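Proteins get letters first, then strands, A, B, ... in listed order; numbering begins at 1 in each. Keep in mind it's a predicted model, so treat the numbers as computed, not measured.
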Number of protein chains: 2
Amino acid sequence: MRIAKSKRRTSYHHGDLAAALTSAALKLIARHGVEGFSIREAATLVGVSPSAAYRHFADKAGLLAAVAKQGFARLALEAQDAMSAARKRHRSAAAKAVAAFEAQGLAYVNFAVNNPEQFQAMFGRYGASSQQPVHNVCSTDQSPYELLKRVLDELMFTKVVTPAARKDAELLAWSTMHGLANIMLSHSFMNHDNVNVDQVTLGIVRRLLHGLRLD
Amino acid sequence: MRIAKSKRRTSYHHGDLAAALTSAALKLIARHGVEGFSIREAATLVGVSPSAAYRHFADKAGLLAAVAKQGFARLALEAQDAMSAARKRHRSAAAKAVAAFEAQGLAYVNFAVNNPEQFQAMFGRYGASSQQPVHNVCSTDQSPYELLKRVLDELMFTKVVTPAARKDAELLAWSTMHGLANIMLSHSFMNHDNVNVDQVTLGIVRRLLHGLRLD
DNA sequence: CAGATATGTTGACGTTGTTCACATCTGTTT
DNA sequence: AAACAGATGTGAACAACGTCAACATATCTG
């Protein structure tokens with residue numbers, strides 16, 4: 001793993017090393033993958049000695065957790081944008097809810113496909129989330145699971161369902177979306193070279209929606 | 001990472017180092033996780049010098065791929081056993097198909113929950129499957145995706161559906177099962193301490209089955 | 001201005017993946 | 001049986017890694 005050239009800086013102190021390191025980490029993760037990432041390379045890229053990183057992060061996992069955190073924030077933002085845009089295209093509350101649900105699924109899968117390595121840092125076993133509880137790495141209002149729960153509520157607000165059935169519906173929807181996202185970027189058991197991600201995703205989301213009818 | 005004591009052996013040659021190494025790797029992966037696994041520790045555990053491993057595997061990823069391969073074989077076996085047992089409990093072909101589908105889902109999720117690290121080696125980005133095409137690591141008749149396709153065929157053999165709809169159904173089912181398995185072992189966005197894995201899984205599988213109606 | 005605190009550097013330790021030259025065993029050919 | 005070739009294991013080495021302790025320097029607070 002060749003180490004890239006270092007930037008120079010004039011002052012002894014960096015200014016915002018923590019942010020610079022997470023952003024460098026994001027770049028490097030995108031390049032060599034999460035497992036190929038090294039704290040030393042990130043430090044060198046930022047133009048700082050490797051041990052400087054330890055003033056801002058407990059260890060390698062800590063840095064990766066910061067990358068994951070950033071990812072959750074961005075995903076929540078993108079999903080919410082997509083949802084509110086989708087809602088604007090319809091009049092009735094029911095149609096709005098359906099459109100929002102579809103938009104959320106599309107946003108989720110697209111995020112995974114377009115940022116596979118960050119997605120891996122967010123959900124993978126290596127970097128974050130699974131060694132530590134998710135709350136350390138993702139606030140409640142950015143949790144994709146919470147987001148999905150909310151749009152599901154919107155979708156079923158008229159129906160009267162038992163709490164258990166609601167919980168089942170949540171888990172089913174979350175499983176399907178999470179599974180689809182993982183499959184889309186795993187390059188396993190699929191040849192999605194000639195595949196339109198949006199189209200396939202929308203197909204699955206609609207079928208899921210259809211299956212979610214709680215009757 | 002402390003290295004365990006080594007076994008002794010009498011002869012210069014080992015006999016079946018490849019198998020011994022994969023089995024040691026499986027043990028160690030179960031202990032420290034995939035990312036904490038080292039080829040040196042496996043070699044030491046088997047009682048052999050680290051470089052000996054390179055006579056049997058190209059590199060670390062190669063060894064992990066072997067572990068993954070073993071996992072696919074075992075999963076296929078368990079799933080098929082569970083399916084044929086389930087089929088025996090019913091008379092009509094339709095009921096058999098439904099029972100087999102349920103059994104397959106249960107087997108899949110249970111395998112993931114009971115062998116989380118091997119599951120990770122099979123599907124994770126680190127060890128295998130994603131750097132190399134799956135065929136290197138899992139033969140067609142052991143592919144969980146193929147298995148699921150077959151049981152889906154059985155399930156829908158009466159219905160006439162377009163190939164596109166069938167493909168959609170396959171992807172939906174595969175996404176849901178794979179997603180559920182991942183969620184079950186991610187300890188994220190769920191507190192499944194007081195959770196009966198079989199019961200929850202069966203609930204999801206039945207709901208999926210319900211959503212799969214191709215009308 | 002002075003001390004305290006935050007931040008960055010240097011150098012080191014132990015571990016890792018991997019390779020190369022060498023040793024030893026096994027099987028085949030003469 | 002002797003000689004050889006191929007397969008398999010060893011030992012020492014290399015560069016890179018995560019992490020830490022001792023030290024240096026900048027910034028903040030009084």
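- Per the geometry, OH belonging to B:Tyr54 stands 17 Å off P belonging to D:dT8, to the nearest Å.
- Nucleotide D:dG9 holds its C1' atom 12 Å from the CG atom of B:Leu21, rounded to whole Å.
- Rounding to whole angstrom units, CG of residue B:Leu63 and P of C:dG17 are separated by 10 Å.
- Look at B:Ser49 and you won't find any side-chain N or O under 4.0 angstrom from OP1 or OP2 of D:dG9.
- Distance A:Glu35 CD to D:dA16 C1': 16 Å, rounded to the nearest Å.
- Under a 4.0 Å N-O distance rule, the pair B:Glu41/B:Arg31 does not qualify as a salt bridge.
- In this entry the distance linking CD of B:Glu41 with P of C:dT15 reads 11 Å, nearest Å.
- One donor-acceptor pair, N or O on each side, does fall under 3.5 Å between the base of D:dG11 and the side chain of B:Ser51.
- Counting to the nearest Å, the P atom of D:dC17 and the NZ atom of B:Lys60 are 14 Å from each other.
- If you take CZ of A:Arg55 and P of D:dA26, they are 15 Å apart, rounded to a whole angstrom.
- Comparing D:dT19, C:dT7, D:dG9 by their nearest atom to the side chain of B:His56 picks out D:dG9.
- Between atom CE of residue A:Met177 and atom OH of residue A:Tyr145 there is a gap of 14.5 Å, rounded to the nearest 0.5 Å.
- Distance check: A:Met184 CE to A:Asn110 CG gives 9.0 Å after rounding to the nearest 0.5 Å.
- With a 4.5 Å cut-off on side-chain heavy atoms, B:Gln80 and B:Leu147 count as touching.
- When the nucleotides D:dG18, C:dG17, C:dT9 are ranked by their closest atom to the side chain of A:Ile39, D:dG18 comes out on top.
- Computed from coordinates, the B:Arg40 CZ to C:dG14 C1' distance equals 11 Å when rounded to whole Å.
- Candidate nucleotides C:dT9, C:dT16, C:dA12 were compared by shortest atom distance to the side chain of B:Ser38, and C:dT16 ranks first.
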